[in-house]
Chemist: 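I'd like to ask you about the structure that follows.
Computed over heavy atoms, backbone and side chain alike; hydrogens, waters and symmetry mates excluded. This one's a predicted model, so the numbers in the text were calculated from it and none came from an experiment.
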Protein chains: 2
Amino acid sequence: MSVRKARAAETEAALKEAARRQFVERGYLNTKISDITAAAGRATGSFYDHFTGKEDLLRALLADMRDQGHDLAAPEHPAHDLTDRDQLRQHLAVAWRVMRDNRPVTIALFESAIAAGPGSGDFWRRLVEETEVFRDHLAHLERREHPLPGDPTLVGVAIGGMLSMLAYALLADAPDSRLADDEVIDTLTDLLLYGLAGRDPA
Amino acid sequence: MSVRKARAAETEAALKEAARRQFVERGYLNTKISDITAAAGRATGSFYDHFTGKEDLLRALLADMRDQGHDLAAPEHPAHDLTDRDQLRQHLAVAWRVMRDNRPVTIALFESAIAAGPGSGDFWRRLVEETEVFRDHLAHLERREHPLPGDPTLVGVAIGGMLSMLAYALLADAPDSRLADDEVIDTLTDLLLYGLAGRDPA
DNA sequence: GTCTATACTGGGATAGAC
DNA sequence: GTCTATCCCAGTATAGAC
């Protein structure tokens, strides 16, 4: 790689890194192109030598994340019984960990989904996509004649929605998290597994 | 009330009504002042004779809703045992109904909460406020020595977040709801009461 | 490829006639 | 109170020198 290209790659990396920081600090929607370039110590114009716009940059960040093995959408799932506490907890923990480790992207995706606005069906579609893992596992349970609270898609979306919302509120809005990750995960596990009634209907 | 004032009130009402329609159609964030005035058949400038801005208008819509007895934050709660299926279902149904009956406001509040951006702690705060009812009931259970999945605030926020998210996705993004209200409410009731394991750990 | 400078735009907001 | 006309700014995006 030539020196020229290396420089360019450096700038691109700097822009991405700056963007990540800004997204966490001000949120995706409130971050202006000029905020990013300023934080990266570059001129505004330079941005457009690397990206066509903010959405394009977000796509790039998403791709980077995927390359690093992290995947917001679908963590691996060798196991297949969500009614097993350890397995359910494991799933929730992985999802939470991915979101926590990729706060900038988590935040940005959430905000951009909202900004797309209602009516397009886009929001619902994205939510359904993101919750594929849960839906699959739930459908699996259903085939095994395990009674579910309702339609697998709906239940999956409910669970996924709860997770996203909590992640945004807790990871984005309160970085100095007042709640430990483990507490959150344990709570969600028990809530989703046994509900408010609890294990023993004592 | 003078004729003059009546005219003004009419315009104000027209603006509010137009805003409600626009919020559902394009979303709160994507709605411009000029969209509202145009939809109301008034000039852009007239808007400012009634409201100082979009947020001000939203506050007015919220107040209207409250006046009509609907309250996004706290439906009445004479009963006090969320582990009773009927009572839990009732709570969820009321919350859902209020959101459905006030789609414009539900949508606008959700979007404006996001737009506030992370970092301010505002989002978390709003979520905690909105879920006061649940938290109170859960705390009540806890005092009665009923074991909960976790901290009442956290559990309440989780439940409320699930509801908000689902409402936005289902009520806002898919108005021609592919899912019946009753199905949603029944599913959530069973999920939250008994969890994925179900009533009988058969 | 990166800079500086600037053109362009959307949309919020106001002035002033009616 | 409502209109028309306009101002004005923030932000995006481009042009062109280096």
Chemist: Between B/His50 (NE2) and D/dC3 (C1'), how many Å, whole number?
Modeler: 12 Å

Chemist: Expressed as a whole number of angstroms, how long is the span from B/Arg42:CZ to D/dC3:C1'?
Modeler: 12 Å

Chemist: Any side-chain heavy atom of B/Phe134 sitting closer than 4.5 Å to one from B/Leu192?
Modeler: no

Chemist: Nearest of D/dT2, C/dT2, D/dT4 to any side-chain atom of B/Ala43?
Modeler: D/dT4

Chemist: Could you list the donor-acceptor pairs under 3.5 angstrom formed between side-chain atoms of residues 48-59 of chain A and any protein atom two or more places apart in sequence or on another chain?
Modeler:
from: A/His50; atom 1: ND1; to: A/Glu12; atom 2: OE1; distance (Å): 3.3
from: A/Lys54; atom 1: NZ; to: A/Tyr28; atom 2: O; distance (Å): 2.9
from: A/Lys54; atom 1: NZ; to: A/Thr31; atom 2: O; distance (Å): 3.1
from: A/Asp56; atom 1: OD2; to: A/Thr52; atom 2: N; distance (Å): 3.1

Chemist: Could you check how far CZ of B/Arg26 sits from C1' of C/dG11, rounded to whole Å?
Modeler: 13 Å

Chemist: Can you confirm whether A/Glu111 sits close enough to A/Tyr168 that some side-chain heavy atom of one is under 4.5 Å from a side-chain heavy atom of the other?
Modeler: yes

Chemist: Can you name the one residue among B/Asp186, B/Asp190, B/Asp84, B/Thr189 that meets side chain to side chain donor-acceptor pair (under 3.5 Å) with B/Arg89?
Modeler: B/Asp186

Chemist: Do the charged groups of B/Arg135 and B/Glu132 touch, with an N to O distance under 4.0 Å?
Modeler: no

Chemist: Quick test: give all pairs of protein nitrogen or oxygen and nucleotides 11-13 of chain D nitrogen or oxygen below 3.5 Å, distance rounded to 0.1 Å.
Modeler:
from: D/dT12; atom 1: OP2; to: A/Ile33; atom 2: N; distance (Å): 3.2
from: D/dA13; atom 1: OP2; to: A/Tyr48; atom 2: OH; distance (Å): 3.2

Chemist: Please report, rounded to the nearest Å, how far the P atom of C/dA13 is from the CG atom of B/Asp56.
Modeler: 11 Å

Chemist: How many whole angstroms separate atom CG of A/Leu15 from atom P of C/dG1?
Modeler: 13 Å

Chemist: Whole Å only: how far is the CG atom of B/Asp49 from the P atom of C/dC18?
Modeler: 18 Å

Chemist: So, do A/Thr106 and A/Leu72 sit near enough that their side-chain heavy atoms are less than 4.5 Å apart?
Modeler: yes

Chemist: Is any side-chain nitrogen or oxygen of A/Ser46 closer than 4.0 Å to OP1 or OP2 of C/dC3?
Modeler: yes

Chemist: To the nearest Å, how far apart are B/Phe51 CZ and C/dG12 P?
Modeler: 15 Å

